[in-house]
Amino acid sequence: MAFNKRTKIREVLNLTPENQIIILMGWVRTRRSNKNVTFISLNDGSCIQNYQIVADPTVIDEDILRKANTGASIKVSGRLVASQGSGQQTELNAESVEILGEADPESYPIQPKKHSLEFLRENAHLRIRTSTFSAVMRVRHHLAYSIHEYFHQKGFFYIHTPIITASDAEGAGEMFRVSVLDPKNPPLKEDGSVDFKQDFFERETNLTVSGQLEGELAALALSEIYTFGPTFRAENSNTTRHLAEFWMIEPEMAFYDAEDNQDLAEDFLKYVISSALRHCKEDLMFLDQRAAEEEKTKKAELRNELSLLERLTFVTENKFERITYTEAWEILKNSAPNKKKKFAFPIEEWGTDLQSEHERYLVEKHFKKPVIISDYPKAIKSFYMKQNEDGKTVAAMDILFPGIGEIVGGSQREENLEKLAQRMEELNISREEMWWYLDTRRFGTAPHAGFGLGFERLVLFVTGMGNIRDVIPFPRTPGNAEF
RNA sequence: UCCUCCUUAGCUCAGUCGGUUAGAGCAUUUGACUGUUAAUCAAAGGGUCCUUGGUUCGAGCCCAAGAGGAGGAGCCA
């Protein structure tokens, strides 16, 4: 018999019991037994539910049942019947059980009990077998799928921008070097510096920190494109919302201005979150309960007012608040915590960047909903952002989510060659190396805009998990690349 | 990188003022039990108290350094 003749638990749950023969394969979650009967809770990862196998010790060999302990993988053939117990509609009366892979109960780390997330992080190779992580991974999949679905339906093209890049023009911080040179004995130039001319690409190369610049090139040909790929930042960030390797979605659209950009970002976020609510209902209900348990351990003032499911529904049903940096600055300057000197960074001069505590105040206390802040001072934003008429601000926007902070950062791009070149000169960015980028402004330049969405931050928000390391299968953080 | 906290059984944790043989729950093993829902009941096994050094008659507990982890900040998505 071919292995794929088996039925997935997700499908079995919808079958009417007619004593038909069904084959299930999966991993044992728990086993309970007495003299007359053994119950096995089986999970195959196809859904959050375990399926109950009933084994009669006069039918199934006792040695086999003994090996069907927590963590073992088994194949069960049996008859689908209405359940005699109250916990489930149907169950499988085993006629044969085969042990596919034993799991020594003395050494298998995942027990049928609540484990700490820290412990599971150290067992990342096995944690996907837990209810929580399998639920997170399924939600992650559906979010990725619905992202492609959203853009495809709108006529956007999926562009693959390079992972290896020679430009660090974004200035987005430290990069990981890509090199085939011998690190112990690299070829040197006369001045003693490394001679990258002898490296694989005959120049210094790094892992990408953003696909945006290449995305712009494609948008100025295909009109509307998006990227969805891995992104690397070699920053020594140790927080619950940073990874050294993460996935980013970067749409880039010709003939969009700043407002079109905001409209798209808001519509997009609402689409993928409601898609998760529709397609991952059971997983999200499980994660909702898990998050509610977690809430109980927090201090009262740090607790969420809304449950996970309520937060998700709230975001899809309410308009995001849209304010400018200047408006945000005024609200913050006149806010109670600022007047009472409760902020670690008091709001005084116009023009300084907003700190986490300020963003959190706006999102969680003042507006109590997602907030889009636009038109930041140009000094604190990147060179490629469109300079506004006032000469002080750029057409940037950040979308802030409760509990997550910045989930989207984007802008209308500067399409004017002179203004862009001048800004690059001011910031000491090489116009010679960026000739290809500037060419788009030389030939048929057009207004365009785009944004970057941190995929794991989205998964974090939708699953209600607290740490970004728990929403990617194998997290890469400073000092951690085990799996 | 900075600040704060943590590290005791496989897991989660307790451990009084520095005092003799280091505890609990869960897990595991064995047994009991006529259908269980993370079954229940009984018994048993299980320890480099993170590492190194110091103080002391005596250190899981005090001090120092190091390692690992968590939370917050910065950088950002």
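Computed from a predicted model, the values in this text were never measured in an experiment.
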Just to confirm, is there a sub-4.0 Å distance from OP1 or OP2 of B/A70 to any side-chain nitrogen or oxygen of A/R121? yes
Touch class at under 4.0 angstrom, heavy-atom based, for A/E118 against every strand present: sugar-phosphate
From B/A73, B/G35, B/G69, nucleotide with atom closest to A/E122 side chain: B/G69
Can you check the distance between B/C62 and B/C3, where both ends of the measurement are the C1' atom (answer in whole Å)? 24 Å
Could you tell me which nucleotide pairs with B/C62 by Watson-Crick or G-U wobble geometry, both distances under 3.5 Å, or answer none if nothing does? B/G54
Nearest heavy-atom neighbours spanning A/I404 and A/R457: CG2-CB, 3.9 Å
Just to be sure I understand the rule, does A/Q111 reach a base, reach only the sugar-phosphate, or reach nothing, if contact means heavy atoms closer than 4.0 Å? base
Once you apply a heavy-atom cut-off of 4.0 Å, does A/Q355 come out as touching a base, just sugar-phosphate, or nothing? sugar-phosphate
Taking only N and O in the side chain of A/N236, is any of them less than 4.0 Å away from OP1 or OP2 of B/G74? no
Just call it for A/T240: base, sugar-phosphate, or nothing, with non-hydrogen atoms closer than 4.0 Å on any strand. sugar-phosphate
With a 3.5 Å cut-off and just heavy-atom distances, do the side chain of A/N238 and the base of B/U1 make a donor-acceptor pair? yes
Which nucleotide, B/G35, B/C11, B/A73, lies nearest any side-chain atom of A/F119? B/C11
Mark yes or no for whether A/R121, through its side chain, and A/D470, through its backbone, hold a donor-acceptor pair below 3.5 Å. no
Looking only at the side chain of A/S356 (C-beta and beyond, no hydrogens), which of the listed nucleotides B/A38, B/G74, B/G35 gets closest? B/G74
Using OP1 and OP2 only, check whether a side-chain N or O of A/R66 sits under 4.0 Å from B/U29. no
When the C1' atoms of B/C50 and B/C61 are compared, how many Å lie between them, rounded to an integer? 15 Å
Can A/Q212 and A/E216 be counted as having a side-chain donor-acceptor contact under 3.5 angstrom? yes
Kindly say if A/T30 contacts the phosphate of B/A38, meaning a side-chain N or O under 4.0 Å from OP1 or OP2. no
Is A/F455 stacked against the base of B/A77, taking the criterion as centroid distance under 5.5 angstrom and interplanar angle under 30°? no
For the side chain of A/E406, counting heavy atoms from C-beta on, which of B/G35, B/U1, B/A77 is nearest? B/A77
Inter-nucleotide C1' distance (B/G66, B/A9), Å rounded: 25 Å
Considering every strand and a 4.0 Å limit on heavy-atom distances, what is the contact class for A/I404: base, sugar-phosphate, or nothing? nothing
Just to be sure I understand the rule, does A/G452 reach a base, reach only the sugar-phosphate, or reach nothing, if contact means heavy atoms closer than 4.0 Å? sugar-phosphate
Checking all strands, does A/P105 fall into the base, sugar-phosphate, or nothing category for heavy-atom contacts under 4.0 angstrom? sugar-phosphate
Would you state whether a donor and an acceptor, one from the side chain of A/E91 and one from the base of B/G35, lie under 3.5 Å apart? yes
B/A59 and B/U52: how far apart are their C1' atoms, nearest whole angstrom? 15 Å
Taking only side-chain nitrogens and oxygens of A/R469, does any of them come within less than 4.0 Å of OP1 or OP2 of B/G69? no
Expressed in whole Å, how much space separates the P atoms belonging to B/U51 and B/U8? 10 Å
Side-chain-base donor-acceptor pair under 3.5 Å for A/R32 and B/C33: no
According to the Watson-Crick and G-U wobble definitions, with both distances under 3.5 Å, which nucleotide is paired to B/G47? none
Euclidean distance for P, B/A27 against B/C41 (whole angstrom): 10 Å
So A/S86, base contact, sugar-phosphate only, or nothing? Heavy-atom distance under 4.0 Å. base
B/A73 phosphate, OP1 or OP2, under 4.0 Å from A/R241 side-chain N/O: yes
Classify the nucleic acid contact of A/S33 as base, sugar-phosphate or nothing, counting any heavy atom under 4.0 Å across all strands shown. base
Any donor-acceptor N/O pair, A/E266 side chain to A/F320 backbone, under 3.5 Å: yes
Between A/E305 and A/K368, does at least one N-O distance fall below 4.0 Å, as a salt bridge requires? yes
Of the listed B/C11, B/G72, B/G74, the closest approach to the A/R360 side chain comes from B/G72
Measure the CZ-CG distance between A/R311 and A/N304 for me, rounded to the nearest 0.5 Å. 4.0 Å
Strand partner of B/U4, provided both Watson-Crick or wobble distances fall under 3.5 Å: B/A70
May I ask you to verify whether the side chain of A/S237 and the base of B/C76 hold a donor-acceptor pair under 3.5 Å? no
To the nearest 0.5 Å, how far apart are CG in A/L287 and OG1 in A/T463? 6.0 Å
Any strand is fair game: report the nucleotide pairing with B/G23 by Watson-Crick or G-U wobble, both distances under 3.5 Å, or none. B/C13
Exceeds 12 heavy-atom contacts within 6.0 angstrom, atom NZ of A/K67: no
Touch check for A/Q52, heavy atoms < 4.0 angstrom, all strands: base, sugar-phosphate only, or nothing? base
So, does A/K35 get its side chain near the phosphate of B/C33, meaning an N or O under 4.0 Å from OP1 or OP2? yes
Do A/E235 side-chain and B/U1 base share a donor-acceptor contact under 3.5 Å? no
Measure from the side-chain heavy atoms of A/V54 and tell me the nearest of B/U36, B/A38, B/G35. B/G35
Side-chain donor or acceptor of A/S146 paired with backbone N/O of A/E149 under 3.5 Å: no
Given B/U28, B/C76, B/A38, identify the nucleotide with an atom nearest to the side chain of A/H242. B/C76
Searching all strands shown, indicate the nucleotide that pairs with B/C75 (Watson-Crick or G-U wobble; both distances under 3.5 Å). none
